Trainee: 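Supplied in structure tokens, the structure appears directly below.
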Amino acid sequence: MPNVIILNGPNLNLLGTREPEIYGRDTLSDIEEKCRFHAEKTGLSIDFRQSNNEGDLVTWIQEAASRSDGIIINPAAYTHTSVAILDALKQVDCPIIEIHLSNIFSREEFRHHSFVSPVAKGVICGFGAQGYLLALDAISSVISDKEEG
Ligand code: DQA
């Protein structure tokens, strides 16, 4: 079964109470549970993680490079600042999907730029928690295409 790592960046541990009008009322645990249920139906095994530290995310990306068949990442604020995360992702062969709960392009100007997008297969944003499930569907089809191809 393909293994997908789902990485979540800073402040996403506060989902549920953090600006719910922007990020919704689901907690990160609710999202993880939805992902587990969906991944099982889709035939993927998942490893779901969150950290407030840039270095943890870099280390997990480096580990995923040899262990995972796909990476789904919501880098949160590091999206807009982190060359370290970009550099780590550049060393990865498997498909990468970038996700955001909110539509970053309808928000402040500084959120319009992502360091991660240039190395992502695709970007999903603006669909709230549902975006994680869309990303699982997308990565599942990208992985199957790669296996067949
Ligand atoms: C976010 C969008 C980022 O701009 C923000 O810093 C976050 C969350 C999202 O999921 O919408 O923390 O990645």
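These numbers come from a predicted model, not from an experiment. Computation of the quantities below employed the complete heavy-atom set of this structure, encompassing side-chain atoms and omitting hydrogens, waters and symmetry-equivalent molecules. As the structure lists them, so they are numbered: ligands from 1, and atoms in each ligand from 1.
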Trainee: Can you find a side-chain donor-acceptor pair between Asn8 and Tyr132 that sits under 3.5 Å?
Mentor: yes

Trainee: For the pair Leu57 and Arg49, evaluate side-chain contact (heavy atoms from CB on, under 4.5 Å) and give the outcome as yes or no after the intermediate values.
Mentor: CA-CA 9 Å; Leu57 295 161; Arg49 301 186 190 190; over 6 Å; no

Trainee: In terms of side-chain heavy atoms, does Ser140 have a donor or acceptor partner in Asp137 at a distance below 3.5 Å?
Mentor: no

Trainee: Crowded around Glu33 CD? As in, over 12 foreign heavy atoms under 6.0 Å?
Mentor: no

Trainee: Does His100 reach the main-chain N or O of Gly128 with its side chain, forming a donor-acceptor pair under 3.5 Å?
Mentor: no

Trainee: Can you confirm whether Pro75 sits close enough to Phe115 that some side-chain heavy atom of one is under 4.5 Å from a side-chain heavy atom of the other?
Mentor: no

Trainee: Name each N or O atom in ligand 1 that is under 3.5 Å from a protein N or O, and give the partner atom and the distance.
Mentor:
| unit_1 | atom_1 | unit_2 | atom_2 | d |
| --- | --- | --- | --- | --- |
| ligand 1 | 4 (O) | His80 | NE2 | 2.7 |
| ligand 1 | 4 (O) | Arg111 | NH1 | 2.9 |
| ligand 1 | 6 (O) | Ala77 | N | 3.2 |
| ligand 1 | 6 (O) | Arg111 | NH1 | 3.1 |
| ligand 1 | 10 (O) | Asn74 | ND2 | 2.9 |
| ligand 1 | 10 (O) | Leu101 | N | 2.7 |
| ligand 1 | 11 (O) | Leu101 | N | 3.2 |
| ligand 1 | 11 (O) | Ser102 | N | 2.9 |
| ligand 1 | 11 (O) | Ser102 | OG | 2.6 |
| ligand 1 | 12 (O) | Arg18 | NH1 | 3.1 |
| ligand 1 | 12 (O) | Arg18 | NH2 | 3.0 |
| ligand 1 | 13 (O) | Asn74 | OD1 | 2.8 |
| ligand 1 | 13 (O) | His100 | ND1 | 2.8 |

